[in-house]
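Accompanying notes for the structure given below.
Atoms within a ligand are numbered from 1 in the order they appear, just like the ligands themselves. This structure is a prediction, so every number in the text was calculated from the model and none was measured.
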Amino acid sequence: MGLLDPAEWKAKWIAGNYVPKKDRYPSDYFRKTFTLNEQVKKARLYITACGLYEASINGHRVGTQCFTPGSTEYNKRLQYQTYDVAELLRDGMNAMAVVLGDGWFRGQVGPFGSRRVFGAETKLLAQLEITTLSGEQITVVTDDSFMWSNVGAIRENDLQVGEVYDAAMALTGYDTPEFEDCSKFGPVKLTEYHTRLVCSNNVPVMEREHFKPKLIKTPSGETVLDFGQNMAGYPAFSVSGPKGHAIILQMAEVLDEDGNFTVRNLVGNKLDFQRIRYICSGNGKEYYKPKFAIQGFRYVLVKNWPGELNPDDFEAIAVYSAMEKTGDFTCSHPLVNRLVENARWSMKSNFLEVPTDCPTRERAGWTGDAQLFFETGSYFMDVAPLYRKYLMDIADCQGKDGKVPCIVPDVGSKVVSMLDGAVGWADAIILIPYRYWKIYGDKDIIKVNYPAMKKYAGFIIDRATKNRLFSRFKKNPYRQYTYEVGFHWGEWLEPMENLSLKLLMKPKREEATAYFSYTMSCLAEIADEIGETADAKQYRTCAEGAKKAYNYLYVKDNDIVADRPAKYVRPLAFGLLPEEARKNVAASLLADTKARNYTIGTGFLSTPFILPVLTEFGYIDDAYQMLEQEEIPGWLYQVKTGATTIWEKWDAIDKNGKVKFASHNHYSYGAVCNWLFRDVCGIRLSDGDEYNYVIVPHPGGDLTYANASFRSIWGEVRSNWEIREDKVHYTIQIPANTTAKLVLPVSADKGFQIIQGKDGFDDGQWTLGSGTYEFVTEK
Ligand code: BGC
């Protein structure tokens with residue numbers, strides 16, 4: 001628990017005794033000793049930093065969390081952690097020590113590598129509250145009794161850039177009471193920081209999987225370690241080298257077309273990126289891993305290793321928010337299984353305190369990516385705490401006018417902020433709580449976030465109704481519902497579109513008006529649910545109005561004529577079309593899909609919806625074909641090419657093996673896995689109500705079996721099917737105290753037959769209570 005009243009904070013902010021300007025600085029090391037005359041019954045350490053901290057008491061690290069205090073919009077809200085440290089304290093002299101890193105506070109962040117976004121001075125605030133066995137209360141707080149040094153081993157540190165570590169400078173034992181030579185320590189500076197302190201309530205960021213490497217010699221003679229899995233984390237190693245001997249490690253996601261090391265796909269030829277410079281102490285074998293740097297990598301280039309390199313001296317450690325695994329999907333198609341694991345790995349690589357786009361070039365909390373992946377992410381792992389916190393971050397970053405930034409927490413980029421409020425990105429403020437409520441049955445989330453959602457609704461209503469100056473459609477009778485202003489990313493990274501300034505500046509009326517309608521309809525449902533009926537009415541009017549505007553502008557003769565599939569997918573997925581138009585537009589989508597030979601033609605916004613939409617209109621075989629085709633652009637091309645995470649662009653490695661400028665670890669296109677759970681095995685999270693599932697499996701494609709399980713908050717639900725000798729065998733498991741509506745693709749009039757199963761069959765639908773059921777149908 002945190003401190004119940006902010007007034008309970010007695011600690012003072014302390015900083016290193018120097019005036020930081022623009023350079024990079026060594027880590028600050030703080031230390032204090034104090035005496036206890038009795039054994040400890042209970043002790044809590046409340047601690048935070050502007051920057052990152054790692055604390056230790058009497059030579060033992062406090063806790064196992066990484067990158068604390070975590071990432072928030074610091075000037076609005078700063079998290080602290082509470083640790084039970086009773087075990088670490090002793091009767092007698094004690095020492096408490098803390099080392100600080102730059103982190104998100106003053107380190108390099110975001111797409112343009114902004115620095116010092118929240119300040120230039122890293123600082124520490126800590127309060128240790130001790131109750132001794134006899135009940136005496138002792139409080140040790142950060143103040144001018146602490147000592148400070150910046151001549152320790154961490155000479156430079158940055159989350160993106162990496163670390164410079166001089167082992168010979170290590171202040172060995174400075175966190176123990178026995179440490180005597182304090183000549184490198186001096187007084188601290190008392191300082192201030194004004195923000196809201198909150199106890200963190202997110203899943204902790206932890207070290208998770210460990211990987212051992214294979215040693216490779218590249219064609220150009222470099223020594224490279226291959227850890228077999230792209231991830232976010234850091235390498236760790238043991239080494240013994242002569243004093244002053246400098247080793248350089250650099251981390252990369254991919255080898256280039258010739259098999260040589262490269263970070264060109266991420267930062268061009270910039271050297272100062274994802275690097276570790278380790279200087280040996282000459283004191284025998286030493287172990288090192290970074291404290292304040294995290295990289296996206298599978299490969300590590302090792303330069304200047306002293307003596308022969310033994311790969312056993314290395315490991316790579318994946319680090320991410322330790323969410324519990326909730327769902328699994330496996331099927332008979334090995335490439336699809338690998339795709340699922342790749343998506344899960346991209347999720348692991350990017351869910352660190354907030355969901356980010358990629359763990360390398362930007363590591364930024366792009367709101368669009370976060371909302372598009374929400375449902376897929378929640379099948380894979382329990383994302384509830386992380387998104388609940390992220391929603392607070394979004395609300396913290398929201399403008400007074402209700403505008404929502406593209407990146408949360410802010411990364412201080414003026415270029416990006418020109419697109420703040422972009423549809424599909426800013427809508428995260430409504431779409432995330434909406435899906436969260438549906439999947440976790442959590443009404444609180446929509447209540448708590450309602451004021452922020454309402455503010456955003458005001459912002460988009462304002463945008464749609466005002467600023468008619470640039471309207472191209474003067475005669476449009478639904479002008480006040482047509483969203484025509486602001487800069488938007490649009491569909492983003494459609495394969496046929498080259499990214500350009502012109503494209504960014506282009507009005508995105510179609511995308512914006514569609515999102516206006518869709519987001520407003522979700523908000524109307526939310527408002528109704530929590531009893532805000534007057535608001536609900538207004539939002540529904542906007543949703544309907546925007547729908548009419550959309551039809552007026554884009555639908556002719558009950559059809560849409562377009563040159564790209566997103567223009568069909570969006571209105572179908574968002575329910576924007578009248579019944580007469582829906583079938584025609586779906587048929588146009590099908591024709592387009594076939595004409596593209598089942599390659600993907602949608603961008604970030606519509607790719608998650610294309611297979612569900614094809615399925616909804618009965619084109620299930622076509623949906624499977626699109627999933628299973630192995631050419632560019634397609635999901636399995638990258639798997640076939642050896643990807644272990646999801647690429648940002650379909651041709652991140654092109655047909656000639658050329659490595660293009662693109663991240664290899666963007667979960668966005670991995671949102672297709674939602675379809676595997678919700679349509680292939682048919683576990684539909686968001687369609688049911690509390691204690692009631694909807695299960696609609698769709699066997700098909702080249703798959704001979706598919707198994708999905710999901711540990712929902714009401715229990716574990718399973719849906720498996722297998723084709724054996726022309727029959728489909730379904731096994732459905734419904735947890736205790738819940739029911740499910742099961743819909744199988746069988747119906748008497750279509751000539752399908754249920755061979756064996758439960759009674760109560762009504763044209764392919766059953767209501768099942770808890771238990772495990774088997775059904776067998778003709779294929
Ligand atoms: C990021 C994306 C993000 C996009 C905005 C990119 O640079 O990597 O994932 O959503 O910009 O369109």
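Scanning for salt bridge (charged side-chain N to carboxylate O under 4.0 Å, His left out) contacts around Asp651 gives Lys660, with sequence neighbours left out.
Considering Tyr515, Tyr483, Trp425 in turn, Tyr483 is the only one that fulfils the ring-ring contact (aromatic ring centres under 6.0 Å, His included) rule with His488. None of Met392, Arg388, Glu353 except one satisfies the side-chain contact (heavy atoms from CB on, under 4.5 Å) rule with Asn202; the exception is Glu353.
Between the side chains of Ser346 and Asn665, a donor-acceptor pair is found at a separation under 3.5 Å.
Put simply, the side chain of Asp427 never gets that close to the backbone of Leu431: no donor and acceptor are under 3.5 Å apart. Side chain of Ser378 to backbone of Glu375: a donor-acceptor contact under 3.5 angstrom is found.
Near ligand 1, Asp357, Arg361, Glu362, Trp366, Asp369, Trp425, Trp489, Trp492, Phe604, Glu648, His666 each place a heavy atom less than 4.0 angstrom from the ligand.
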